[in-house]
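In what follows, residues are counted from 1 in the order of the sequence shown.
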Amino acid sequence: MSEWQYERPQRLAVLGATGSIGDSTLEILRLYPDRYRLVALSGHSRIDKLLLLCQEFRPEFVCVSKDKLAEFRQRLKELGLSPTVLSGDDGLDAIASLPQVDTVVAAIVGAAGLSSTLTAARLGKRILLANKESLVMAGHLVMAAARRSGSVILPIDSEHNAIFQCLPKSVQMDNRCIHDECHGIQTLWLTASGGGFLHKSIDEMKKASISDAIRHPNWSMGQKISIDSATMMNKGLELIEACHLFNLPEDRIQIVIHPNSVVHSLVQYVDGSFLAQLGSPDMRTPIAHALAYPNRIDTGVQPLDLYALSHLNFIKPDLEKFVALKLARFAARRGTGACITLNAANEVAVAAFLDERICLTDIATIVKMCLDDDALAMCYDDDFTTLEEIISMDKRVRQRACSIIDRVSMNDEDIQ
């Protein structure tokens, strides 16, 4: 057991506190005020919600987007609150660097969470990781930094957390041990709900509205991840993330659609055994597991009623409909440059869909066009040894994706 569990509260920074992961994390903190102390938090632009959190938790540090900085400071002053207010990427990095922070909850959506996650890894922080893009774009840098510093990375995405729970303790402590023959680990299975279009046609996906696409049958999530779930790009990103978290190539990680969202992922062993983690679809469970690791705490989550479970369905993904899964496997095999391209092009395309400039099925097409772009592909064999190189590549991809979308929107043509 860690010393903090006996001597003092665990001191946390929650980056992305106004999102759905932030909500679930703070619910756990409310249950255990003597066990956890919120030192710092961040929110991008939802400052009304951020102000309420400042009133409730009284953090020492808060980070907002640069364009909201002046307004946020003024409103804090009106409330009689005086935390140190930071902004932008530099502010997020500063929070991740705070000596009074033990644990960083990395819950920022998208590439915006990369720098602060890498900073926390370099400084040996305990990282509760929900920002999958950090590992998609820079998994080799983040994991290497964590090994050098002794940083512990605990996944809080439900699927990766489930796999983590089903692995031997020695593998949990060092992902390189996954290759020891004595453990007999054969395949990791990531489950996917299939989203709202599992039983719909490609034509129905093409005609989907924003409200159709963000409606998820089992989970309550933000817009971006809900769209990724609809296209199953979220599972493609999770595949790449799992390669880094568990130190395995993509061909030893499989994806299976499980519409019930009861089995959150599985580990297959060479003796024919499958170990699975089951639970209600509630993010408080994996978050609490990581917060208390290696112990367990009550979450208030309604437990499964095993007597009410009449069946568990598992379905092979349709790769013609969910093209994003094929694109993600290609990127995982091709390396860091392709993974950066996959993620950046997807973020730009999702934003364009939310702006009603393209249709849902265009997202994967735009990502493929960027992956196939000769100028971008020339960089796929680069080493990407610095954060600056990764950010530069990310910027180039975004410019290319924007140009594709602009051309299509201007000419009112279908994307081919």
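- Taking the charged nitrogens against the carboxylate oxygens, Asp355 and Arg357 have no contact shorter than 4.0 Å, which rules out a salt bridge.
- Here the side chains of Thr84 and Phe61 are in contact, with some heavy-atom distance below 4.5 Å.
- With rounding to the nearest 0.5 Å, the separation of CD1 in Ile225 from CD1 in Ile21 is 6.5 Å.
- Comment: Glu27 does not engage Arg30 in a salt bridge, judged by the lack of any side-chain N to carboxylate O separation of less than 4.0 angstrom.
- Judged as a side-chain contact (heavy atoms from CB on, under 4.5 Å), and not counting sequence neighbours, the contacts of Ala276 are Val263, Leu266, Leu278.
- Side-chain N/O atoms of Gln10 and Thr103 include a donor and acceptor closer than 3.5 Å.
- Side-chain N or O atoms of Lys235 include none that pairs as donor or acceptor with a backbone N or O of Val256 at under 3.5 Å.
- Summarising the geometry of Ala338 relative to Leu371, their closest heavy-atom pair is O-CD2, 3.5 Å, with the distance given to 0.1 Å.
- Side chain of Arg58 to backbone of Gln55: a donor-acceptor contact under 3.5 angstrom is found.
- At a cut-off of 3.5 Å, with distance as the only test, no side-chain donor of Ser201 or Asp203 sits close to an acceptor on the other residue.
- Looking at Lys125, its side chain does come within 3.5 Å of a backbone N or O of Val101 through a donor-acceptor pair.
- Counting only distance, with no hydrogens or angles, the side chain of Glu347 and the backbone of Ala111 share a donor-acceptor pair below 3.5 Å.
- Listed here is the closest heavy atom pair of Thr117 and Ile127: O-CD1, 3.8 Å.
- The backbone N or O of Asp373 lies less than 3.5 Å from no partner atom in the side chain of Arg400, so there is not a single donor-acceptor pair.
- When the side chain to side chain donor-acceptor pair (under 3.5 Å) test is applied to Ser151, no partner is found at least two apart in sequence or on another chain.
- Side chains of Leu118 and Asp93 form no contact here, defined as non-hydrogen atoms less than 4.5 Å apart.
- Within the structure, salt bridge (Lys or Arg N to Asp or Glu O under 4.0 Å) pairs that include any residue of residues 377-392 comprise Arg334-Asp381 (at least two apart or interchain).
- In the model, Ser209 has a side-chain atom that pairs as donor or acceptor with a side-chain atom of Asp212 under 3.5 Å.
- Across every non-hydrogen atom of Val142 and Ser134, the tightest pair is CG2-O, 4.1 Å.
- Scored by the ring-ring contact (aromatic ring centres under 6.0 Å, His included) test, Phe314 finds His258 as partners (sequence neighbours excluded).
- At least one donor-acceptor pair under 3.5 Å links the side chain of Asn175 to the backbone N or O of Leu245.
- The backbone N or O of Gly43 lies less than 3.5 Å from no partner atom in the side chain of Lys49, so there is not a single donor-acceptor pair.
- If you take CG on Leu154 and CD on Gln172, they are separated by 9.0 Å, rounding to the nearest 0.5 Å.
- The aromatic rings of His289 and Phe164 sit perpendicular, their planes meeting at an angle over 60°, well past the 30° parallel limit.
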Give the table of side-chain donor-acceptor pairs shorter than 3.5 Å for residues 76-83, with sequence neighbours excluded, one pair per line with atom names and distance.
from	atom 1	to	atom 2	distance (Å)
Glu78	OE2	Gln74	NE2	3.3

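- Shown here for Gly195 and Ser229, the closest heavy-atom pair between the two residues is CA-OG, 3.9 Å.
- The CG atom of Leu86 sits 8.0 Å away from atom CG of Leu98, with the distance rounded to the nearest 0.5 Å.
- Contact annotation: the side chain of Met233 approaches that of Val367 to within less than 4.5 Å [non-hydrogen atoms, C-beta and beyond].
- In this structure, the separation between CZ on Arg284 and CG on Asp298 is 9.5 Å, given to the nearest 0.5 Å.
- Between the side chain of Thr299 and the main chain of Thr285, no donor-acceptor pair closer than 3.5 Å is present.
- Defined by atom type and a distance below 3.5 Å, a donor-acceptor pair is missing between the side-chain atoms of Arg122 and Thr119.
- Each salt bridge (Lys or Arg N to Asp or Glu O under 4.0 Å) pair with one or both residues in residues 239-257, not counting sequence neighbours, appears once here: Glu250-Arg329, Glu250-Arg333.
- The shortest non-hydrogen separation linking Cys166 to Val267 is CB-CG2, 3.7 Å.
- The pair Glu60-Arg11 does not meet the salt-bridge criterion, since no charged nitrogen lies less than 4.0 angstrom from a carboxylate oxygen.
- Not a single donor-acceptor pair under 3.5 Å links the side chain of Asp157 to the backbone N or O of Glu159.
- Panel note: side chain Asp362, backbone Cys359; a donor-acceptor pair is recorded below 3.5 Å.
- Between the CD atom of Gln268 and the CD atom of Gln254 there is a distance of 9.0 Å, given to the nearest 0.5 Å.
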